Amino acid sequence: MESRSDLRKFIDFHYTLYKGNQYDAPNLFSDDWGTLSKDKNAAFEFCESEYYLAYKDGKLAGRVAAIINRKANDKWNRPCVRFGWIDFIDDIEVSTALLKAVEDYGRQKGMTEMVGPLGFTDMDPEGMLIWGFEELGTMATIYNYPYYPEHLEKIGGFEKDNDYVEFKLYIPKEVPEKYAKIAALVEKRYNLHVKKLTKKEVFEEGYGKRIFQLINECFKDLYSYSELSEKQVEQYVNMYLPMADLNLITLIEDWNNDKKLAGVGITIPSLTKALQKCYKGRLWPFGWYHLLRAIKHHKTNVVDLYLVGFLPEYRSKGANALLFTDLIPRYIDYGFEWGETNVEMEDNTHVQSQWGPLDPQMHKRRRCFKKQIKP
């Protein structure tokens, strides 16, 4: 790809391929444009990429991004090229050509492995859906047709690298007794407390940056993670927080340690139905209206648990109970009936155990694949 026109085609292909799909949560065009543009995305401080379009009988039939995150490669001692933003029609020649383009790009750059779907960082959607195709997607995850993983199996050479699972959580009519008791205990024993934010605190007093710095610490040891740079932190604060409903964001502070941030829960009303009504991911002429109804007026019965994390030293202290004790009454007040977790590594039993009082149901599984690149 060489031009802005090609990038527009690259982004628009997803809207065409998934037009009318009731489960897909399409990205906003402006978000993808900002992420994929090399002069806009701060991740290009340490990433490089190339984007490919595939044509069949003169018609656009597929797309893929080849990405090298050198920070992550160095951290994990893994010279790999990532494939992301992969979409294709149900044609094995198309999918084969796209993945070969990524493999060839990686080989030229000295990589020995290809892995994906992954984005530039963990802030981008990752993992190919392999189970749960009839479940509503979320803004933070990838939806794909069932034939995608079938193609990778037919092409050959791909194997499982990591699986994520996602849970559906039912919002109770009141805070579960287990959460309430633990919350009261940890507040008294460890002097941990809920912190709610104002816009001034987020943008003028540094809490926005502190949130993403905390996320860096919480997630630094997770699969494929590369710490966000200062420039990225600033970018994400300005991208995600201006329209956020601060009632649905909760921090946990340690008052024994100069109000150190111990954990964070960023939750948002589900935007999937609203995004489906944005023509080709555009806010104009009417897309903004549907998003505003979901964000400000809670015209959805689903809440997405976008980012929930605690520093390691607080994970065994029950700090998460404080978080849920604060958020659940707000969910009830907003009329949310169920919640959707973000992706969790399948073997992360500690995270999964915290959902117990919310009647969790594992209803999606997605996979990151890997393939060796031969010299």
Side-chain angles (χ1 to χ4, degrees), residues 1-3 6-7 9-11 13-14 32 35-39 41-56 60-89 91-130 142 144 148-164 222-229 232 366-375:
M1 280 177 44
E2 299 180 356
S3 68
D6 286 337
L7 182 56
K9 291 176 183 177
F10 184 95
I11 297 171
F13 179 71
H14 183 89
D32 265 0
T35 300
L36 295 167
S37 296
K38 299 178 181 181
D39 60 340
N41 188 350
F44 280 100
E45 291 179 311
F46 50 86
C47 290
E48 54 187 301
S49 70
E50 188 61 75
Y51 312 136
Y52 299 95
L53 296 172
Y55 288 84
K56 181 81 171 185
L60 186 56
R63 68 171 191 176
V64 72
I67 300 165
I68 296 176
N69 180 327
R70 297 201 177 275
K71 182 190 286 188
N73 285 3
D74 291 344
K75 175 180 179 177
W76 300 103
N77 191 26
R78 191 177 187 185
C80 66
V81 57
R82 304 174 171 203
F83 64 92
W85 280 268
I86 185 165
D87 283 312
F88 46 86
I89 63 172
D91 187 305
I92 195 69
E93 291 184 350
V94 172
S95 55
T96 299
L98 289 169
L99 290 164
K100 184 178 185 303
V102 176
E103 183 175 349
D104 290 346
Y105 175 82
R107 185 180 295 108
Q108 293 167 10
K109 297 289 184 175
M111 303 296 107
T112 60
E113 193 176 26
M114 62 185 295
V115 182
L118 289 170
F120 296 93
T121 73
D122 270 36
M123 295 295 106
D124 300 320
E126 52 195 16
M128 182 177 289
L129 194 65
I130 61 172
I142 299 168
N144 54 262
Y148 281 37
E150 294 173 1
H151 277 228
L152 267 66
E153 184 177 352
K154 291 177 182 177
I155 292 170
F158 289 95
E159 58 182 324
K160 171 183 171 180
D161 193 41
N162 179 60
D163 269 16
Y164 297 105
L222 295 183
Y223 169 82
S224 80
Y225 192 80
S226 61
E227 284 81 1
L228 302 175
S229 67
Q232 283 181 288
R366 58 185 69 247
R367 178 165 295 169
C368 284
F369 294 87
K370 64 181 178 181
K371 180 181 179 181
Q372 299 303 310
I373 296 177
K374 296 180 180 180

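Everything numeric here is computed off the predicted structure, so don't read it as measured data.
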Check E113, K371, Q372, K374 against E103 for a side chain to side chain contact (heavy atoms under 4.5 Å, CB included) and give me the one that passes.
K371
Side chains of P149 and N144 in contact at under 4.5 Å (non-hydrogen atoms):
yes
In the structure I gave you, are the side-chain heavy atoms of V115 and R78 within less than 4.5 Å of one another anywhere?
yes
N41 and T35: side-chain donor and acceptor closer than 3.5 Å?
no
With a 4.5 Å limit on heavy-atom distance, are the side chains of L118 and C368 in contact?
yes
For D74, enumerate each residue passing the side chain to side chain contact (heavy atoms under 4.5 Å, CB included) test, keeping only those at least two apart in sequence or located in another chain.
none
Is the ring centre of F369 less than 6.0 Å from the ring centre of F83?
no
If the threshold is 4.0 Å, N to carboxylate O, is there a salt bridge linking R366 and D163?
no
Just say parallel, tilted or perpendicular for the rings of Y52 and Y105, cut-offs at 30° and 60°.
perpendicular
If you take the centroid of each ring, where Trp contributes its six-membered ring, are W85 and F13 closer together than 6.0 Å?
no
Looking only at side chains, do D122 and Y223 share a donor and an acceptor under 3.5 Å apart?
no
For I68 and R82, what are the C-alpha separation, side-chain angles and deciding distance, and is it a side chain to side chain contact (heavy atoms under 4.5 Å, CB included)?
CA-CA 6 Å; I68 296 176; R82 304 174 171 203; over 6 Å; no
Are N69 and W76 close enough that some pair of their side-chain heavy atoms sits under 4.5 Å apart?
no
Check this for me, if you would: do K38 and E48 make a salt bridge, where the nitrogen-to-carboxylate-oxygen distance has to be below 4.0 angstrom?
no
When the ring planes of F88 and Y148 are compared, do they come out parallel, tilted or perpendicular, using 30° and 60° as the limits?
parallel
N77 CG: over 12 foreign heavy atoms closer than 6.0 Å
no
Applying side chain to side chain contact (heavy atoms under 4.5 Å, CB included) to L99 and L152, what does each step give before you reach the verdict?
CA-CA 9 Å; L99 290 164; L152 267 66; 3.9 Å; yes
Looking at side-chain heavy atoms only, is the closest gap between C80 and M114 below 4.5 Å?
no
